[in-house]
Asks: 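Mind having a look at this structure? Questions to follow.
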Amino acid sequence: MNAPGSDESLPGPGPVDPAGAARVLRAARDVLVVGHVRPDADAAGSAIALATALRRAGVPVTVSFGGPEPVPVSLGALDPDGLVVPSSEAPAAPELLVSCDVSSAQRLGDLADRLDTAGSSLAIDHHASFTGFATRHLVDPAAPATVLLIRAVLTELGAELDPVLSRALFAGLYTDTGGFRWGGSDALRLGAELVDAGAEPRGLMRELTGTRPFGWLAAQAAVLAGARLEPSAAGGAGLVWAAVDVATATRFRDQTATVVGQLLATAGDGVAALLTETDQHMWSVSLRGNGSPDLSRVATALGGGGHAAAAGFERDGTREELLALLRAELDSASG
Ligand code: 5GP
Ligand code: MN
């Protein structure tokens with residue numbers, strides 16, 4: 001029997017299973033849990049659910065995201081206990097850094113330096129493009145959302161599902177499975193379990209994405225009116241793209257995520273791209289498709305990552321420069 005905090009019983013560096021991850025977590029005395037920059041519901045829900053369970057188990061824990069500040073207000077719906085702190089207040093050298101839904105060190109944003117200052121790191125992720133940046137990793141590209149991996153770790157930690165945990169997990173599950181369009185029966189079974197434990201989908205999803213400022217109607221109309229169809233792109237499958245200028249992106253930062261789905265609906269078997277100018281000549285690009293061409297490959301070639309049907313990257317340049325790069329990568333991935 002090892003003393004608490006002793007690491008003699010801990011798994012070595014490299015891949016771990018949920019039980020191994022739980023052992024690492026239980027032994028820690030100071031944990032910083034993070035998700036990727038511009039957190040979505042899978043990153044935030046994973047981080048908050050895990051941190052909530054750790055805090056209940058008596059493990060001191062903080063949650064943060066590497067920017068941009070502030071995190072979307074809607075994510076407050078997942079954090080009733082106020083576990084999330086601004087990245088400027090995140091511990092400088094935690095004993096353990098846990099990253100959720102983060103495929104590469106770069107996606108830690110302002111908190112990437114914690115990989116060097118933390119005693120060790122544990123990555124929990126479901127991206128095929130995961131780069132292996134952490135000391136230990138629980139990574140399953142077959143999992144439709146990181147929250148499924150978190151659920152497995154919570155089981156190993158002996159955490160009881162309650163409304164707070166269930167809402168955080170459900171938000172990530174619902175979002176990353178496209179509203180249970182993919183993820184199969186495993187996702188639906190977990191969804192049912194979470195609803196039974198107090199995740200109330202209608203109210204939760206209304207808090208997360210169901211209400212918008214009135215001004216968004218006109219802003220969205222302008223973005224959609226600027227959309228372009230390029231039928232010969234992506235090896236002839238077609239590309240529908242639109243751009244959000246920096247003023248609109250700043251004013252409606254939390255609102256724009258759903259636009260790329262609207263573009264995809266008009267793209268047939270082709271690809272949709274939303275180019276959001278987050279700063280002068282700095283772009284965040286969301287890609288959506290139908291699995292072929294492999295958008296993870298396209299985004300990785302452009303400095304990002306993701307999944308075959310949903311990927312993204314950040315890059316500087318003019319809009320036309322980015323579009324030229326994107327067209328070239330789509331063609332080569334379609335070849
Ligand atoms: P979204 O378009 O919703 O921001 O992201 C879709 C998918 O692509 C997510 O799995 C997300 O993690 C990934 N992704 C989006 N942007 C980036 C990026 O800049 N770098 C990497 N590595 N992955 C990204
Ligand atoms: Mn995810």
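Just so you know, ligand 1 is whichever comes first in the structure, and atom 1 is the first atom listed for that ligand.
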Asks: Would you say H36 and D101 are linked by a side-chain donor-acceptor pair, where the criterion is simply a distance under 3.5 Å?
Replies: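 Their side chains do contain a donor-acceptor pair, which is all the 3.5 Å distance test asks for.
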Asks: Mind jotting down which residue pairs meet the ring-ring contact (aromatic ring centres under 6.0 Å, His included) criterion with at least one end in residues 316-335? Sequence neighbours excluded, please.
Replies: none
Asks: Has D125 got an N/O/S atom less than 2.8 Å from the Mn ion (ligand 2)?
Replies: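 Short answer: no, not a single N, O or S atom is under the cut-off.
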Asks: Would you sort out whether R56 and D162 count as a salt bridge (charged side-chain N to carboxylate O under 4.0 Å, His left out), showing the intermediate values?
Replies: CA-CA 12 Å; R56 286 179 190 163; D162 73 344; 2.7 Å; yes
Asks: Could you please provide the protein residues found below 4.0 Å of ligand 1 on a heavy-atom basis, arranged by chain and number?
Replies: S103, R107, H127, S286, R288, G304, G305, G306, H307, A310, A311, G312, F313, E314
Asks: Using 4.0 Å as the upper bound for N to carboxylate O, is an ion pair formed by D125 and R107?
Replies: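 Looking at R107 and D125, the cut-off is not met.
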Asks: If we count only N and O atoms by modelled type, under 3.5 Å, do the side chains of S64 and E89 hold a donor and an acceptor together?
Replies: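 No donor-acceptor contact under 3.5 Å links the two side chains.
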Asks: Any N/O/S atom of H126 sitting less than 2.8 Å from the Mn ion (ligand 2), backbone or side chain?
Replies: yes
Asks: Of all residues at least two apart in sequence or in a different chain, which pass the ring-ring contact (aromatic ring centres under 6.0 Å, His included) check with F130?
Replies: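 So F130 forms a ring-ring contact (aromatic ring centres under 6.0 Å, His included) with F133, H137.
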Asks: Determine the interplanar angle of the H307 and H126 rings, folded into 0 to 90°, and report it as parallel if under 30°, tilted if 30 to 60°, perpendicular if over 60°.
Replies: tilted
Asks: Angle at the Mn ion (ligand 2), OD2 of D42 to OD1 of D101, rounded to 10 degrees, please.
Replies: 90°
Asks: Can you tell me if, anywhere in D40, an N/O/S atom lies at a distance from the Mn ion (ligand 2) that is smaller than 2.8 Å?
Replies: no
Asks: Can you name the N/O/S atom of D176 that is nearest the Mn ion (ligand 2)?
Replies: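 Atom name returned: OD2.
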Asks: Could you work out the complete set of other residues in the hydrophobic cluster of L264, with links drawn between I, L, V, M, F, W and Y side chains under 4.5 Å apart?
Replies: none
